Amino acid sequence: MSVNCHSKNRGIFILLTIRKHSQARDLIITLLRQIGFGLALTTAAAAQSGEVVVATTGGVYDKALKEIWFEPFTKATGIKVATVTATDAEQRARAQAMAKAGNVTWDIINNVDIIAESEQNRSFTRDLASFCEQFKVRKDLVDKACNPAGVRITLNATLLGSNAERFKDEQPRSWADFWDTKRFPGARALPSFNDPWRVLAAALLADGVPAEKLFPLDIDRALKKLDAIKPEIQLWWRTGDQSQQGFRNGEYVIGMIWGTRASALKAEGQPVTTSYEGAFLLADTLQILRDGPNPAGAEALLKYYLDNPSVQAKLAERLNVTPPSIDAVTLMSEAARANIPSSPEAFRAIVKHDSAWIAANQARMLDAWNAWIPR
C-alpha cells in the first residue's frame with residue numbers, strides 16, 4: 001500500500017504525542033507496521049523514546065551481548081541499549097512485580113524457553129505472534145526461533161558425555177547405552193537440582209519410549225527405570241562446575257552433562273566425547289515486557305539479531321552455544337561447530353520437548369523426584 005508524505009507525518013506525530021501511554025503506543029506501532037511503515041518507523045519511534053533496557057545475567061554473558069550485538073545495533077540504528085543484571089529467577093520476579101505495580105522500567109528479560117512459555121511469564125510479557133509473521137519465510141531459522149512468547153537467541157544442549165579413554169573400542173551413544181552397565185561399565189553421573197524432567201525423559205527413552213511419544217512424561221515408569229541404574233550413580237551434580245570437576249577427578253566415566261561444560265572440558269584437553277542422540281536442547285529466550293518504556297526499540301533489537309546471522313555466529317562462538325539460524329552455524333569456525341549440533345542430522349536426533357507440559361507439571365515432577373531420590 002502506498003502512503004503519502006502527509007499521512008506519514010501525521011502518523012508519526014500521533015505516535016510521538018502519545019509516547020507516555022505505552023498501551024496505546026503499542027497499538028499504534030502495530031497498526032502503522034501493518035500499513036507499510038516497517039522498520040524505518042519502528043527505529044524512528046524507538047530513537048525518540050530513548051534507550052532499550054535489557055536484563056541479563058551479567059558477567060561474560062553480558063559482555064558478549066554488548067560487544068557482539070548491542071553496540072553494533074546502536075551504531076546501525078542510533079538506539080542505545082542499557083543492561084541491568086539479575087539472575088533468571090530475579091528477572092522473572094522483578095518483571096512480575098513491576099507489572100503488578102503498573103511501573104515497568106525494563107523492556108526485555110531473558111528466561112529459558114520452558115519458563116518463557118509458562119502461563120506465569122506470558123501474563124506479563126507481550127504476545128509476539130504479529131512480530132514473528134515476518135520471519136515465517138526464513139528457512140534458515142530453527143523451529144520456534146521467533147514465537148509468541150519471545151525470540152530464542154541461543155540454544156544449549158543437555159546430552160550424554162563419556163570418557164573416550166575408558167571406552168576406546170565403542171563409545172556410548174544413547175540413553176539405552178547409559179543404562180547398559182555390561183557393555184559400558186563404570187560410575188555414572190546425573191543432575192539433581194530441582195529440575196528433573198530431563199532425567200525422567202532420558203529414563204523413558206532408555207526404556208524404549210519413542211522420542212515423539214515422550215510427552216506427557218510417565219513419571220512412575222521413569223522412576224522405576226531409574227531404580228535399575230541408581231546404584232551406579234556416583235555423582236548427583238547440582239551445578240555445572242560439579243559436573244566438570246567430577247569428570248576431571250574420575251568420579252564418573254559416563255553421565256548427563258551440559259554441552260557448554262563438555263566444550264569447556266574439551267578445551268582443557270580432557271578426553272570427553274558427546275552424543276546428540278536423545279539430547280535435550282533448551283533456548284535462552286528474550287521476552288518483551290508488557291507496558292515497557294520502549295516497545296518499538298525492543299522489537300528493533302530482536303529483529304536486528306534475527307536478521308544478522310553473522311552476529312549470531314559470533315555470539316555462539318563466544319558462548320559455546322548454538323545459534324537459531326543454520327546460516328549462522330555455517331559462518332562459525334570449524335572448531336566452534338565441533339562443539340554444537342551443526343548438521344540437520346544432529347538436530348533430528350535431538351528430543352523436541354513440550355515446554356507447556358513441563359511448566360504445568362514442574363511441581364508434580366519435583367515432588368515425585370524428592371520422594372524418590374533419598375530412597
Side-chain angles (χ1 to χ4, degrees), residues 55-65 83 85-93 110-115 153-167 172 175 178 186-202 226 229-230 232-276 278-285 315-322 335-336 338-341 350 362 365-366 369-370 373-374:
T56 81
T57 51
V60 295
Y61 183 72
D62 184 88
K63 187 173 186 289
L65 291 177
T83 62
T85 301
T87 66
D88 288 350
E90 288 169 346
Q91 289 183 38
R92 190 183 198 193
N110 182 358
N111 272 172
V112 71
D113 56 354
I114 292 170
I115 300 300
I153 61 167
T154 60
L155 302 100
N156 181 33
T158 300
L159 40 65
L160 182 67
S162 59
N163 190 311
E165 293 181 351
R166 180 63 179 269
F167 305 111
W175 295 113
F178 180 87
R188 266 71 171 155
L190 286 173
S192 180
F193 54 89
N194 297 331
D195 189 21
W197 75 266
R198 281 162 287 196
V199 178
L200 298 174
L226 281 161
I229 200 69
K230 193 174 186 179
E232 307 297 327
I233 309 299
Q234 298 302 304
L235 175 64
W236 295 99
W237 55 267
R238 299 187 66 83
T239 68
D241 283 343
Q242 280 184 309
S243 70
Q244 280 184 256
Q245 191 60 43
F247 189 92
R248 293 190 199 103
N249 295 344
E251 294 179 55
Y252 68 96
V253 295
I254 178 173
M256 185 178 284
I257 191 170
W258 293 331
T260 50
R261 298 297 179 161
S263 297
L265 287 169
K266 289 179 183 178
E268 296 173 9
Q270 294 290 331
V272 62
T273 186
T274 55
S275 171
Y276 283 98
F280 309 100
L281 202 61
L282 299 184
D284 275 345
T285 302
L315 187 65
E317 286 218 26
R318 179 78 65 87
L319 299 176
N320 277 317
V321 293
T322 303
N339 292 327
I340 64 170
I350 291 168
Q362 188 70 28
M365 287 188 288
L366 187 56
W369 180 261
N370 288 338
I373 196 73

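Here, residue 1 is the first one in the sequence, and each next residue gets the next number. All values reported here derive from a predicted model rather than from experimental measurement.
Atom CG of L319 sits about 8.5 Å away from atom CD1 of I153, to the nearest 0.5 Å. Annotation: the span from T154 atom OG1 to N110 atom CG amounts to 7.0 Å, rounded to 0.5 Å. The distance from the CD atom of Q244 to the CG atom of D241 is 6.0 Å, given to the nearest 0.5 Å. Note: N194 CG to Q362 CD = 8.5 Å, rounded to the nearest 0.5 Å.
What you find for S192 and W369 is that their closest heavy atoms are OG-NE1, 3.1 Å. The two residues Y276 and A157 make their nearest non-hydrogen contact at CE2-CB, 3.8 Å. Counting all heavy atoms, side chain and backbone alike, P172 lies closest to S275 at O-CB, 4.3 Å. Heavy-atom minimum distance, Y252 versus G246: CE2-C, 3.6 Å. Of all heavy-atom pairs spanning Q234 and E251, the tightest one is CB-O, 3.7 Å. Between A202 and M256, the shortest heavy-atom contact is CB-CE, 3.8 Å.
Separation of the F193 and W237 ring centroids falls under the 6.0 Å cut-off.
Applying the ring-ring contact (aromatic ring centres under 6.0 Å, His included) test to Y61 and every residue at least two apart in sequence or in another chain returns nothing. Here T260 pairs with N156, W258, V321 under the side-chain contact (heavy atoms from CB on, under 4.5 Å) rule; sequence neighbours left out.
In this structure, the side chains of F247 and P271 come closer than 4.5 Å at one or more pairs of heavy atoms. Residues I114 and L282 meet the side-chain proximity criterion, which asks for heavy atoms closer than 4.5 Å. Within the 4.5 Å cutoff, side-chain heavy atoms of I257 are placed close to those of L159. In this structure the side chain of M365 never reaches within 4.5 angstrom of the side chain of D195, judged on heavy atoms. The shortest distance between side-chain heavy atoms of I254 and L160 falls below 4.5 Å. You'll find the side chain of V199 reaches within 4.5 Å of the side chain of L226, heavy atoms only. Put simply, the side chain of D88 does not reach to within 4.5 Å of the side chain of I115, judged on heavy atoms. For the pair R238/S243, no side-chain contact is recorded, criterion being any heavy-atom separation below 4.5 Å from C-beta on.
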Step by step, work out the side chain to side chain contact (heavy atoms under 4.5 Å, CB included) result for T273 and K266. CA-CA 8 Å; T273 186; K266 289 179 183 178; over 6 Å; no
Determine, step by step, whether T57 and Q91 satisfy the side chain to side chain contact (heavy atoms under 4.5 Å, CB included) criterion, reporting the C-alpha distance in whole Å, the side-chain angles of both residues, the deciding distance to 0.1 Å, and the verdict. CA-CA 9 Å; T57 51; Q91 289 183 38; 4.0 Å; yes
Take Q245 and N249 through the test side-chain hydrogen bond (donor to acceptor under 3.5 Å, both in side chains) and record every step on the way to the result. CA-CA 6 Å; Q245 191 60 43; N249 295 344; 2.9 Å; yes
After noting the C-alpha distance and the side-chain angles of W236 and K230, does the key distance pass the side chain to side chain contact (heavy atoms under 4.5 Å, CB included) rule? CA-CA 10 Å; W236 295 99; K230 193 174 186 179; 4.2 Å; yes
Show the numbers, then the answer: is there a side chain to side chain contact (heavy atoms under 4.5 Å, CB included) between T56 and L65? CA-CA 9 Å; T56 81; L65 291 177; 3.8 Å; yes
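Using modelled atom types, one side-chain atom of Q242 and one backbone atom of T239 make a donor-acceptor pair closer than 3.5 Å. No side-chain donor-acceptor contact under 3.5 Å links R198 to the backbone of P196.
The aromatic rings of W175 and F280 lie parallel to each other, their planes meeting at an angle below 30°, with 60° marking the opposite boundary.
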